[in-house]
Amino acid sequence: GLSEKLRGIIKDLKGHGTLSEANIESVLKEVRLALLEADVNFTVVKEFISRVKGKALGQDVLLSVTPAQQFIKVVRDELAATLGETASELEFKGRPPVIMLAGLQGSGKTTTTAKLARLLKGKGRNPYVVPADLARPAAVLQLQKLSEEIKVDCFDVAGRKDPVDICTEALRVAKIKGYDTVLVDTAGRLHIDAALMDELKGLKEILSPSEVLLVADSMTGQDAVRTAQGFDEAIGLTGVILTKLDSDARGGAALSMRISTGKPIKFIGVSEKTDGLEVFHPDRMAGRILG
Amino acid sequence: SVLGMGTRKESLERLEEALITADVGVKTSSEIVGALKEGFKWDKEGLSERLRASISGLLKEVESPLVIPPGVVPFVIMVLGVNGVGKTTTIGKLASRFSSMGKSVILGAGDTFRAAAIEQLEIWGERAGCPVIKHSHGGDPGAVAFDAVKSAVAKKTDVVILDTAGRLHTKVNLMEELKKIKKVVNREIPSAPHENLLVVDASTGQNALNQAKLFNEYVGVTGIVITKLDGTAKGGIIVPIARELKIPIRFIGVGEGVDDLKEFNAGEFADALI
Ligand SMILES: Nc1nc2c(ncn2[C@@H]2O[C@H](COP(=O)(O)OP(=O)(O)OP(=O)(O)O)[C@@H](O)[C@H]2O)c(=O)[nH]1
Ligand SMILES: Nc1nc2c(ncn2[C@@H]2O[C@H](COP(=O)(O)OP(=O)(O)OP(=O)(O)O)[C@@H](O)[C@H]2O)c(=O)[nH]1
Ligand SMILES: [Mg+2]
Ligand SMILES: [Mg+2]
């Protein structure tokens, strides 16, 4: 992986394996390559590399007896620090607090809604899930079936034809019945679909959510910045959930989305099952991205 | 064009950047741009046009539409890919396309795992006006495939399209299951499945190459569909896939509606890429 490559490069540097401002470029080039191969966005890589350079030059890595180890530590620490503080918590403001899930088609929103509900139930909360996707065939049924599996109540859509109507009524029912968390699953949509992004804004108005979470596929490539920024600019995100991390994707989209929106990654999806949700660990993700 | 002012070296770097940001990948981008440097008169406009032509030429080699040979009845298509890429939706689009061509179609609800997967396919079957063979949730996908193919043979149906559950290429047990489904079909009809269609999401990064390689290793991929090209992602990952695996790219998905499926066109794709 990157560690071995860097050790090899630094060992071969003129000046007998010491880093200087003159030869740091070849080492940075290798880090840049690793990040691009890990799907980190091109522009994000540029910015990150300049940060690393600054840190490396500033930290007297150049005077170190083990520059390779020092340098790798600088890179990994900077990556983990950028990815975020550990365990960014969920906020529960509102009566009842609402968590709204949004994102591109197929990213894992419906499954993640059930995973979050199960997690919260396990922590002693009383969640209510709301299937507000009327576009995709059998989407409502999908969330209903998942909710049955985890024994969490699901709003009965009962022939309603409008997500606005569903959200309004679900919130009313949740208040009356005393659920303490409402999780709203929305239809997948493109950030460039103005009409659907307007619909999402409208749903947010009704729900006044405590959390607006972007559910994004961790194998997303360069487009991760456009997607994250698109959703953030339209509805304002409070966090990101990255799914399908049980794959062998390096997950550079994590860095892209974090840097381009400044929003925290709160959870990761690690399986198709309803217990497949874990808290996000920046240091582990850093190691995975670097490869 | 992506080229403005600057030296030749800068121009080449900018072209490389354009390819990398389209998900073509670092190695492939530098190789393609590197090949451009060879013997031509330095001219910025020519450089960009030569890149387009180079990519179009590369992709032309895998521009091969799905043709159902007359006399192959039923023609069996197995649809595969990782989770959420658009397999079921693509099957719905294909079913309607074949039906409007006057072909009879049967769908096999081979995703017996995911919640409401069978019901989702049934709705697409209704839209296309074709029957859906299904078992109960949790059943054996091989048995569904067997039933769908057997039914098609008996009725002399033109096309069978088998839906399968999304699965990560890294999950050995799931990949073995896919191999087993293929075997079941193959035992029933020695030349089937006639098409193993891999569905790839256009917004996927370099992992799509791993997906293509592994699905190809396990069951052999004979065609690719790249979906969600109506988004902002360029789908450049199909360039290294085309270069390394030479698998035909059959269709592109450009939306969630039943008609949002187009035949792959190398020139158009190359134009949109940069
Ligand atoms: N392996 C794996 N699969 C996942 C994960 N999260 C979701 N999936 C799968 O990804 C696919 C898509 O999940 P959905 O929940 O339907 O995605 P969605 O965002 O609701 O899709 P749309 O509503 O169509 O936009 C399904 O096959 C899920 O089982 C994960 O963390 N790991
Ligand atoms: N915008 C857009 N959305 C698409 C396209 N193809 C499929 N989708 C959407 O992507 C989401 C996932 O599609 P599915 O057909 O359920 O994907 P799948 O591969 O069968 O998913 P699993 O069976 O869960 O693995 C749905 O919301 C589809 O409407 C496309 O070309 N463009
Ligand atoms: Mg959904
Ligand atoms: Mg499916």
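Owing to the predicted nature of the structure, the values given are computational and were not obtained by experimental measurement. Naming: A, B, ... by sequence-line order, numbering from 1 per chain.
Of the two parts of B/Thr21, the backbone and the side chain both hold a non-hydrogen atom closer than 4.5 Å to a non-hydrogen atom of chain A. Both the backbone and the side chain of B/Asp23 come within less than 4.5 Å of a heavy atom in chain A. Only the side chain of B/Gln211 has a heavy atom closer than 4.5 Å to any heavy atom of chain A.
The one candidate from A/Leu33, A/Ile259, A/Leu35, A/Leu255 that meets the side-chain contact (heavy atoms from CB on, under 4.5 Å) condition with A/Val45 is A/Leu35. Of the candidates B/Thr89, B/Asp111, B/Thr88, B/Leu121 forms a side-chain contact (heavy atoms from CB on, under 4.5 Å) with just one, namely B/Thr88.
For the residue pair A/Asp39/B/Asn207, the side-chain donor-acceptor check at 3.5 Å is not satisfied.
Of all residues in residues 103-114 of chain A, those placing a non-hydrogen atom less than 4.5 angstrom from a non-hydrogen atom of chain B are A/Gln105, A/Gly106.
A donor-acceptor pair under 3.5 Å is absent between the side-chain atoms of A/Lys266 and the main chain of A/Val240, judged by distance alone. Side-chain N or O atoms of B/Asp260 include one that pairs as donor or acceptor with a backbone N or O of B/Gly257 at under 3.5 Å. Using a distance-only test at 3.5 Å, with no hydrogens or angles considered, no donor-acceptor pair links the side chain of B/Lys27 to the main chain of B/Pro240.
Atom NZ of B/Lys134 sits in a sparse spot, with 12 or fewer heavy atoms from other residues, nucleotides or ligands closer than 6.0 Å.
Looking only at heavy-atom pairs under 4.5 Å with chain B, the residue among A/His191, A/Glu37, A/Lys145, A/Met219 that has the most is A/Met219.
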